[in-house]
Each structure stands twice: as C-alpha cells, then as structure tokens.
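When a ligand or atom number is given, it counts from 1 through the structure's own listing order. For the single chain, residues carry numbers from 1 onward in sequence order.
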Amino acid sequence: MTTRTSHEYHHLHGLLQQLDDAEQTLAHGPRRIAVSEKKVSAADQACTDQKEQIQLLKKSVDENTLNLKSREAEVTKLTLRLNEASSNKEYDIIQAQMASARAADAQLEDQILSLLSQVDEANDELNRLMEEVSELKQKTADITAETKSIEPGLKSDIERLTTEIAEADAVIPAGESRTTYQRLRDAMGPAAMALVEGGFCTACNTGATSQDIVRMNMSEFLLCRACGRILYLIREE
Ligand SMILES: [Zn+2]
C-alpha cells in the first residue's frame, strides 16, 4: 500500500494556497504604502499649484491697485485743469474726460474687488487642500504602521509554510513528475494543482475519464488534459 494518498495532495494544495496568501499579503503592504505616498505627493503638488495661483492673483490685485492710484492722480490733475479752464468749451471737454476717467476707475475698482474675492476663494481651497494632505499623510502613516506590524508574523508564516511544503511535496513522485510539479509551481503557484469534484477539474471544468479517476484513486501523478494542472481528488477512506 502506497503512502501517497489523495489527502496528501489535498494537504499540499492547501499549504501552497496558504503560502500564496501570505506572500500576497506581504507584497500588498508595500504596494499600499506606495499608492498612498503617491496620493500625498499629488496632493502636495496641488497645494504648491494653488499657492502659485494665489500669488498670481495677489500680483494682479497689486498691479490693478497701483494702476487705479495713478488714474486717480490723473483725475486730480483734470480737476486742477478744470478750475483753470479758460472757456466753456474747454471746461466741457475736461468734464467729459473726467466722467470717462471716473467710469473707467469704477470698472477697475470692480475688477479689483472681484480679484480680491477670487483670492479669498483660492485661500479657502488651499486650506481644504492642506487638510487633505495632512489626512493623506496620516493615512500613509497608519498603513505603514499596519504593514510593519503584520510583517514579522507573515515572514514567519512563510518560513513555516515553506518548510511544511518541503515535507508535504514528498507526495509527488521523484523524477519527471517532480520536475513538472516544480515547473508548474514556479509558473502558477497554488494554481498548479486542481481538485477534481464530481468527476470534473475544478479549475477548468473538464471532465476526468474513468481511467483518470482510477489513477487518481491510486494516487498517481496526473495532469488535467485541458489545463495541465496536477489533479487530485479527495478519496473517501
Ligand atoms: Zn483542468
């Protein structure tokens, strides 16, 4: 009676799955950290852009304010000239010039007010963005701490599972079967093996022949004709 039983195949498959889970979880942590850090730097960049935008708006306010002041000086000059006007005609012309200058000033004042409210809005947005950065930084710190805390456990799980698999895969016959097993494992991990249920490969749903079932019942090394996985079934003892 052979010691290689279908249960040993099943046990090996279970260990391969556990190892894969542990390895995936271990690799997932640093990926999550990287994604989170990317979000932080994007949010940081948005803050920098927003600050630049605010600087541009403020510069525009300053320029327009300066412009308004020099225009007001112009109106003052016109007022002086108005007082010195030597004819009604000249008086009317200067008055018309003053009216149009005042209208232009009013427009400029509106523009400055609008720019100032844009600065306020841009500052609100900057505050929102800065809050976002600090939230994202906190989240990154949390993910990093979580990753670090589960890492030692995962590493020791992987070490233990690797040892257990090295013992459990003695169920695979030496020689060509073992080479095939190693190749499939390297390529597919736990998907190298597939349980047969109700006469069908659970990975690709291809039916096993009655000959296959007999061979599996004898715990022979058998590959699925369709998907190439190592087949096994759980034999009722
Ligand atoms: Zn299959």
Salt-bridged, E132 to R128, with N to O below 4.0 Å? yes
Run the salt-bridge test on D157 and R160 with the 4.0 Å N-O cut-off and return the result as yes or no. yes
With a 6.0 Å cut-off (strictly less than), is the heavy-atom count around CG of N83, excluding the residue itself, greater than 12? yes
Can you spot which of L154, I150, D21 makes a side-chain contact (heavy atoms from CB on, under 4.5 Å) with L26? L154
Output every pair passing ring-ring contact (aromatic ring centres under 6.0 Å, His included) with a member in residues 204-232, not counting sequence neighbours, ordered by first then second residue. H10-Y232, H13-Y232
The number of protein N, O or S atoms lying under 2.8 Å from the Zn ion (ligand 1) is 4
Ignoring hydrogens, what is the shortest heavy-atom contact between A43 and L136? Give both atom names and the distance. CB-CD1, 3.8 Å
